[in-house]
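Data block below; observations after.
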There are 4 protein chains.
Amino acid sequence: MLKVGIVGGTGYTGVELLRLLSTHAEAEVVMITSRAEEGVGVDELFPSLRGAMDLRFSTPDVKSLATCDVVFFATPHNVAMNMVPELLAAGTRIIDLSADFRITDADLWSKWYHEKHVCPDVLATAVYGLPERNLEKIRNAKLIACPGCYPTAVQLGLIPLLEEKLVDPSRLIVSAASGVSGAGRQAKIDNLFTELSESFKAYGVGGHRHLPEIEQELALAAKGPVGLTFTPHLLPQVRGIHATMYAEMLDPAVPLDEVQFLFEKRYADAPFVDVMPLGSTPQTRTVRGSNMCRIALHRPQNRDTIVVLSAIDNLVKGASGQAIQNMNLMFGLPETMGLQGLALMP
Amino acid sequence: MLKVGIVGGTGYTGVELLRLLSTHAEAEVVMITSRAEEGVGVDELFPSLRGAMDLRFSTPDVKSLATCDVVFFATPHNVAMNMVPELLAAGTRIIDLSADFRITDADLWSKWYHEKHVCPDVLATAVYGLPERNLEKIRNAKLIACPGCYPTAVQLGLIPLLEEKLVDPSRLIVSAASGVSGAGRQAKIDNLFTELSESFKAYGVGGHRHLPEIEQELALAAKGPVGLTFTPHLLPQVRGIHATMYAEMLDPAVPLDEVQFLFEKRYADAPFVDVMPLGSTPQTRTVRGSNMCRIALHRPQNRDTIVVLSAIDNLVKGASGQAIQNMNLMFGLPETMGLQGLALMP
Amino acid sequence: MLKVGIVGGTGYTGVELLRLLSTHAEAEVVMITSRAEEGVGVDELFPSLRGAMDLRFSTPDVKSLATCDVVFFATPHNVAMNMVPELLAAGTRIIDLSADFRITDADLWSKWYHEKHVCPDVLATAVYGLPERNLEKIRNAKLIACPGCYPTAVQLGLIPLLEEKLVDPSRLIVSAASGVSGAGRQAKIDNLFTELSESFKAYGVGGHRHLPEIEQELALAAKGPVGLTFTPHLLPQVRGIHATMYAEMLDPAVPLDEVQFLFEKRYADAPFVDVMPLGSTPQTRTVRGSNMCRIALHRPQNRDTIVVLSAIDNLVKGASGQAIQNMNLMFGLPETMGLQGLALMP
Amino acid sequence: MLKVGIVGGTGYTGVELLRLLSTHAEAEVVMITSRAEEGVGVDELFPSLRGAMDLRFSTPDVKSLATCDVVFFATPHNVAMNMVPELLAAGTRIIDLSADFRITDADLWSKWYHEKHVCPDVLATAVYGLPERNLEKIRNAKLIACPGCYPTAVQLGLIPLLEEKLVDPSRLIVSAASGVSGAGRQAKIDNLFTELSESFKAYGVGGHRHLPEIEQELALAAKGPVGLTFTPHLLPQVRGIHATMYAEMLDPAVPLDEVQFLFEKRYADAPFVDVMPLGSTPQTRTVRGSNMCRIALHRPQNRDTIVVLSAIDNLVKGASGQAIQNMNLMFGLPETMGLQGLALMP
């Protein structure tokens, strides 16, 4: 039984880790921290846990956390990087759901996150935790940088096209939309029910922090620079990310059937990527609460632009589920353990 | 491994049975019927099942169904009663999620469902499948009438008061509200998103079919006649039932603490009833996707009226989850098997 | 043209006053105050006003406000009572949408609002602004205490029954539900989209501040004490209040038709009360954005309990629309001026 | 007072025409038709109209309709084209909200609507009713083809770029999203609350009927052929269309300020187009119930792709409001008459 610690358990990725781990056969949460809620039972904050979990928030303390086999950081950025070096030194493995170790260039990180990275040397050892790209590295990793929610949905949709050099990497366009839980559990006017219900808008059009992360990883897949216009939008729903991706075919003579076949082959061994039949349109509700990413391909009017659609649950495959998928791989467990619950539909 | 058949699998209680049974360790769905969708894969109708279930809808046929250990009817009323006698004769056990066997008086049934009951003799053998009232009978039952969604929420909230004769049984008032999934998966104008979103209304005020069912069962708990005014409402949400129940204390000198204690004792062995601390207000989202019923007690202004609040997921504890709870009991399995998933929150 | 000032215009009742007054033929908003947003254009905070309103928030200042013919207070409680005496002295008429002048007993007010009332003498001169009860008093009022949202929906549903002594005033039960905009525009975790969407709960069961207000006014209608159990609930929608009211008939021989007739007669001259045909169930969306209150009567199973349903838009008839209705009456304008827009449906 | 007839008044554009015309100073609805609802009061079908409108549905009859000054067709396609020739001959002016007269090439129309156009000669006389492009033609038109909802949002966002030849017309990409009311008031499983709530998906990716309409009109603005990839999506909300449009600048040296200036100039006289300040992101709720289109420009990372965002209410500027705007222009009334109501927010 793996002993699991969670730092920063009062947000939505925290409670989602608790939900998913509550039925995991080989892992047990032994510690969950929150400075603000110290001493409070997790089921007081999240009544959905009543009767299932007998854990209280404690103040984060590296020494105690170091007794865990693995520690998840479900914190805002700038928390993990201050604790990770010491925990690694103690032999604890780390899965960071925040942005601290996602961008390998410390200067680029600083530009987007407006502060200095405190441990660029450790940063260099982090493995980007997208199992569909980095399976073997993850198995051996000490420190996982869990991908962002948008980056997960976008990469799974575009990497087969870029790896196979099927499309122009310099003109990628992604219009993506997220449920509100992506904004976290913060008391802000902008996140009120009354401000978001029955409405839709773009945000971060000029530059969202997930852009450099996506470009970095797509460039690795493309083995060369990529240019991406990325527009996130906010949906009047709690969970779900949907990405609509546009790419121009380099050779318009390649039929869509062939692209479909390449996607199916690419993901044949990926338990959490579902390449749907041609003509499908993935709905976010078909992945709500599940770790699945559903993908569908289109080529409108048989013109030169390929449209890839992908859907994930931002809190599961886009965060806590993917984190557990990484944990399973790191500790030699079956990749799908604890992650086989189906989507809640309707 | 129990062989499970499902009749009428194209509705929401059908897909919910599939979701819950997909991770059940001792039961496997071997057959699911639908005349209209014969030959169609269940995952074509419900893409949430893609990759997890390799089953096709077949035309309902009593001979084939009789090869199952247990058959669930997830049908509108007036289907089960036409097939159940033959299946029972073949030794198959039945869990009927419809209304056909809930009301023990065949004439009363006819009055509310506007047709003759075709097998009143079988009706007399049905066990009302509320485990918190009928645990032992369920263990030995051949035919279970699974309670309606409102009746489940209301009974769990009121039976301790009535069993203990704490309140006036002749003046019960229940104001309850349901998510839209309670109306089923039917193409009706009234159920459109555009007709229900951002709105709330009462319905069936003059007489809802769950009223005689509730009164029948509450009378058994009270060991005497009860009078109930029951007003259902429709919520702009998919899942969840919430009941607000008003009852007048027979002896106002009994303090609320004592009532709370009686509730806690009454449900001490019920794994799916959560009596929350005094002052709580159960939210439907804390049971979304789970088989739990959460209950809280209030006595406003310390006057003579007790207010009981209860919340369930209408598709789980109010239908498919409770059906599986019954199956577990009928076949000697742990009561909670396959039902331990936590609510999806947020 | 009436010169209108608004104190506290950054909340939802503030922007609703602006929306409604923007098309009012005889009133013009000349001043709107907010300490926090001083200098900011109203259309910066509320882009729905872009192109229609050229007003900036200013710091509240009694001298400037006193140049208005009428000042609306769209503030939390405990603001109006500190400014009203001076404004009244200057001859400005006041319509207070907050709770400061609703409860005539200053001690009772203090008990529920946890502070001392600063001007009990002025309190004694306030007129409770429910036009369907106090039409003539409102015409001559200097200071209007605009009713709360729940109190409006409940009183309109119950006063005909109490005025006519048709029901037992000591056993009234009201189960009411409100859209989230009733909680105002405050940055609180509890009001986040992620905390409220797809969920329903009761709140304030032990005692909501609208209870003493409702009991006070119902007692006036009943000409004697009343006893009310009042349970508010929170709906996953922005606008709308729905009240389900239960009352026991004193003389069960009175047929429902007759009660219906009494309601129709009682509200024959009330332009904003719609007594719907027997058997109707008012939906909140049929009054969304409008000043109408729709009411329907039921007598389930022909037993002794009458069920009255009422629906209003909490921000219109429950706040800003009713405030303007009061203004119209105070200044001799047609009661419906500026309030004839129909509900937005769907 | 204009005498107005409405054909097909039982859908959402029909009731929206009634709502908007109920406060129009110079137009009165004298006739509304529906075969299915003949004899039924409009306020029975739409209780929001109770007390405001005393009209019953009648069977459509060209002779009676010909007594109107103007007839709106709020019907599915293939109704108007069968009645319009006779009505025009009788001197009645027509505003068709359906697709029958939008596409000028009758063969192209047939290809997308799968039937023959019955009056290609009349088609040639129709004026495309986008006032921001065809103001003068509309003033003199006998027959208006009211633009589709997506086409309105997309054209208003792209025509300044194309008219000024600022972008490559062959590589336009539009990712747009609509509220569910765009699907009409039809009893289909796909439109149920339970199928759409808390979910998002693309649809019609391979080819939506609005594509040829948009390409036809954009080509006129560009004075040359355009190539558009258009992806519609379905939002879990009732009203609102949002379009996110991507275009490549022909001369990257042109600064965004200059483009912004061109947009502001282009729409200086358009009362229903709001060019928001640079950096804005229009929310659909800021136009809910109003005839406004809000537009904002972005140039992410200062690269070569311009992103234009636009938001309208699909039932107002995307249908019934724009139809009334056309009527005002056709009859020499102020363009904004009856359309000055502000958006309902929140």
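Lettering of chains follows the sequences in order, A, B, ..., and the numbering in each one begins at 1. Hydrogens, waters and symmetry mates are skipped; everything else that's a heavy atom, side chains included, is used.
- Here the closest heavy-atom approach between residue A:A177 and residue A:F200 is recorded as CB-CE1, 4.2 Å.
- For A:A323 against A:I95, the heavy-atom pair with the smallest separation is O-CD1, 3.5 Å.
- Shown here are the side-chain contact (heavy atoms from CB on, under 4.5 Å) partners of C:L18, two or more places apart in sequence or in another chain: C:I6, C:V29, C:I32, C:V42, C:L49, C:M53, C:L55.
- Closest non-hydrogen pair, C:A187 versus A:L192, comes out as CA-CD2, 4.4 Å.
- Between A:L21 and A:M327 the shortest heavy-atom distance is CD2-CE, 4.2 Å.
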Taking 3.5 Å as the threshold, show me the donor-acceptor pairs across chain C and chain A, one per line with distances to 0.1 Å.
| unit_1 | atom_1 | unit_2 | atom_2 | d |
| --- | --- | --- | --- | --- |
| C:Y12 | OH | A:T194 | OG1 | 2.8 |
| C:Y12 | OH | A:E195 | OE2 | 2.5 |
| C:N191 | O | A:F193 | N | 3.0 |
| C:F193 | N | A:N191 | O | 3.0 |
| C:T194 | OG1 | A:Y12 | OH | 2.8 |
| C:E195 | OE2 | A:Y12 | OH | 2.5 |

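- Here the shortest heavy-atom pairing between A:P147 and A:G129 reads CD-O, 3.3 Å.
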